[in-house]
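Quick one: structure below, then a few questions.
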Amino acid sequence: MSGRARSEDEKEKKKQKVNAENDVLELLDGSLNCSFCMQLPERPVTTPCGHNFCLKCFQKWIGQGKHTCAKCRRTIPPKMASHPRINSTLVAAIRMAKMSKSITTGGPSRVYHFLHNQNRPDKAFTTERAKKNGKANAASGKIFVTTPPDHFGPILAENDPERRQGVLVGECWEDRLECRQWGVHLPPVAGICGQSKHGAQSVALSGGYPDDEDHGEWFLYTGSGGRDLSGNKRTNKEHSFDQNFVKFNEALRVSCQKGYPVRVVRSHKEKRSSYAPESGLRYDGIYRIEKCWRKVGQPGFKVCRYLFVRCDNDPAPWTSDEHGDRPRPLPNIPELKQATDITERKESPSWDYDEEESCWKWIKPPPRSQKRVSTGDSKDGKKVKSEIRKAQNVTVRQKLLKEFSCLICQKVMTSPVTTPCAHNFCKVCLEGKFAGRTLVRERTCRGGRTLRAQKNVLKCPSCPTDISDFLQNPQVNRELMDVIESLQL
DNA sequence: AAAAACGAACGT
DNA sequence: ACGTTCGTTTTT
């Protein structure tokens, strides 16, 4: 083949590829639409009967007192109705399809990050002592990033010598110790990382405070202290004295006044939030503290309160938006009427939106680190680099199909089912996992009379949720199956 | 199921 | 030095 003919041939191939990618979005649009708003679901949730809706549309339906699926009229279990979970597989797929369109139509072609948890270096237990004594001792495990412990803002690629990608929005960890190893939130116990004279770098949302309110892009956070958790008794959840703006609470206030970026990690323990992961912890990106104040909390003692608003360049794990946050008006906070000690930012924020570059960045230089970087040795960086290059060189269709991998067999799902905890598996794989395990334990006494059947607890293969009810009659997510089959053509 | 042990960083 | 912390594991 002549050089010229070859290049013509490649041009033709490229054209075909572009066309194929263009209709990927239409493909999803045709099959996955929310039956309320007829759009691609925003913050998609999936019923156990296998139908997909927007979180808001679904909550509106439930709010009207409905208990059945709007599509097939099957009963929606109360647990799903009150605590719907985002189906993050769908989020990633829809976003990817949208992006492939904007690239090929010449729209804004920024590269966004997705969570790909492969190729991760060592787990904890790097010291002999830690191996012997279990995870409570593993905080001495290796720190993988080169950011100092008081680093503000996102963890960037240049501070990730092993993977060269930094910590991406949506990255997940098993526990606080693993999260610590990636430099995102360092304290092994405390919810706030910060210094009263310097500012706060990160917070963890782990539930426990009844007044906390999570709306994803913004949330209300309560300061630390005020509860007597002395010794090993972690049962006393009641406040027994007033919180003040000291220590960690003061650190958060400094970040509010200066407009510093604060990293946010959500924990599975935040049970009341639709945005919490079902297991472990997840990095959700950068937020700013727009206001803080004190109010009287549940048992009558004063607590410090903070309004966090998201301001990250990458989209949140629960939205299929193609872009990150834009400046948005502050939500209305009723409790501010009774608030005292209100702090609002006086000076211009250090981390802000640059209209010309259309991104969030440091407008003022970040505060100088007061600490030393942990020494980590970086080996075989070449291997990782070539892996990353390989991963980037895949067509949109293939990438999309990879998003639809079964969490058990790791292959593209056949007859996908979605659990109430929003995890996706092949129907066969999921049923195979529990083969031989009965859903109920029949107990018969001597007279042959059947006693009340006792239910077995059957845990989701991806998280600790009990899915025994779901397993009694798991429904194939037909909409999702149609999409997968079309992608494979 | 509850208590104890263990951990690290901040601040007095 | 010592008390504290929106944790996790092992022992009782």
Side-chain angles (χ1 to χ4, degrees), chain A residues 123-143 147-151 173-181 183-214 219-255 262-273 275-277 279-282 284 297-299 301 303-306 308 369-374 464:
Chain A
K123 286 229 149 204
F125 306 108
T126 50
T127 65
E128 284 307 308
R129 219 166 82 90
K131 274 181 197 158
K132 220 167 70 189
N133 292 329
K135 270 202 176 164
N137 271 342
S140 46
K142 183 174 159 193
I143 306 284
T147 44
D150 56 351
H151 167 81
W173 303 282
E174 264 185 34
D175 52 40
R176 287 283 293 266
L177 302 176
E178 208 188 340
C179 169
R180 172 193 162 78
Q181 291 188 285
V184 173
H185 186 69
L186 284 109
V189 175
I192 302 163
C193 176
Q195 308 77 37
S196 55
K197 302 259 165 65
H198 198 50
Q201 294 84 25
S202 58
V203 295
L205 276 74
S206 345
Y209 287 89
D211 293 350
D212 285 2
E213 244 181 75
D214 192 358
F219 59 87
L220 295 178
Y221 194 76
T222 305
S224 70
R227 297 181 302 170
D228 185 14
L229 302 173
S230 59
N232 301 304
K233 292 194 182 84
R234 300 290 159 93
T235 46
N236 181 9
K237 304 255 196 239
E238 294 278 288
H239 279 81
S240 46
F241 55 93
D242 285 348
Q243 286 183 3
N244 279 299
F245 286 110
V246 294
K247 300 182 183 176
F248 302 116
N249 297 346
E250 176 60 14
L252 286 175
R253 186 160 70 159
V254 171
S255 285
V262 182
R263 293 183 298 273
V264 168
V265 171
R266 276 186 177 79
S267 155
H268 68 106
K269 293 184 133 188
E270 185 73 273
K271 293 282 183 226
R272 304 183 323 269
S273 164
Y275 302 96
S279 67
L281 292 111
R282 187 187 61 214
D284 286 346
Q298 302 262 331
F301 293 95
V303 292
C304 299
R305 298 280 281 169
Y306 304 87
F308 280 71
S369 170
Q370 314 286 311
K371 302 182 184 192
R372 290 290 218 75
V373 175
S374 105

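Proteins get letters first, then strands, A, B, ... in listed order; numbering begins at 1 in each. All values reported here derive from a predicted model rather than from experimental measurement.
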Whole-Å distance, A:Arg176 CZ to C:dG7 P, equals 6 Å

Closest to the 5' end of DNA chain C, once A:Ala190 and A:Leu281 are matched to their nearest nucleotides, is A:Ala190

From NE2 of A:His198 across to P of B:dG11 the rounded distance in Å is 11 Å

Separation of C:dG7 atom P from A:Trp173 atom CH2, nearest Å, is 16 Å

A:Asp175 CG to B:dA8 P, in whole Å, measures 15 Å

The ring-ring contact (aromatic ring centres under 6.0 Å, His included) partners of A:His198 (sequence neighbours excluded) come to A:Phe152

In whole angstroms, the gap separating P of C:dT8 from NE2 of A:His185 amounts to 11 Å

To the nearest angstrom, the NZ-C1' distance between A:Lys247 and C:dT4 comes to 6 Å

Dot-bracket assigned to DNA chain B with the 3.5 Å Watson-Crick/G-U criterion, [ ] for crossing and | for other-strand pairs, is ||||||.|||||

Those residues at least two apart in sequence (or on a different chain) that pass ring-ring contact (aromatic ring centres under 6.0 Å, His included) with A:Phe245 are none

Under 4.0 angstrom between A:Ser224 side-chain N/O and C:dT5 OP1 or OP2: no

By nearest-nucleotide position on DNA chain C, the 5'-leaning member of A:His268 and A:Phe248 is A:Phe248

When rounded to whole Å, the CD to P distance for the pair A:Gln195 and B:dA9 reads 11 Å

Hits for salt bridge (Lys or Arg N to Asp or Glu O under 4.0 Å) against A:Arg282, two or more places apart or cross-chain, chain-then-number order -> A:Asp284

Self-check item: Donor + acceptor pair across side chains of A:Gln195, A:Gln201 (<3.5 Å)
Solution: yes

Review point. So what does A:Ser267 hit on the nucleic acid, given a heavy-atom distance under 4.0 Å: a base, only sugar-phosphate, or nothing?
Key: nothing

Subject >> A:Arg305 vs A:Asp211, side-chain contact (heavy atoms from CB on, under 4.5 Å): CA-CA, chis, key distance, verdict >> reply: CA-CA 9 Å; A:Arg305 298 280 281 169; A:Asp211 293 350; 3.5 Å; yes

From CZ of A:Arg180 across to P of B:dA9 the rounded distance in Å is 5 Å

Contacts of A:Phe308 meeting ring-ring contact (aromatic ring centres under 6.0 Å, His included) (sequence neighbours excluded), chain-then-number -> A:Phe219, A:Tyr221

Residues at least two apart in sequence or cross-chain that pass side-chain contact (heavy atoms from CB on, under 4.5 Å) with A:Ala251, listed by chain then number, are A:Ala200

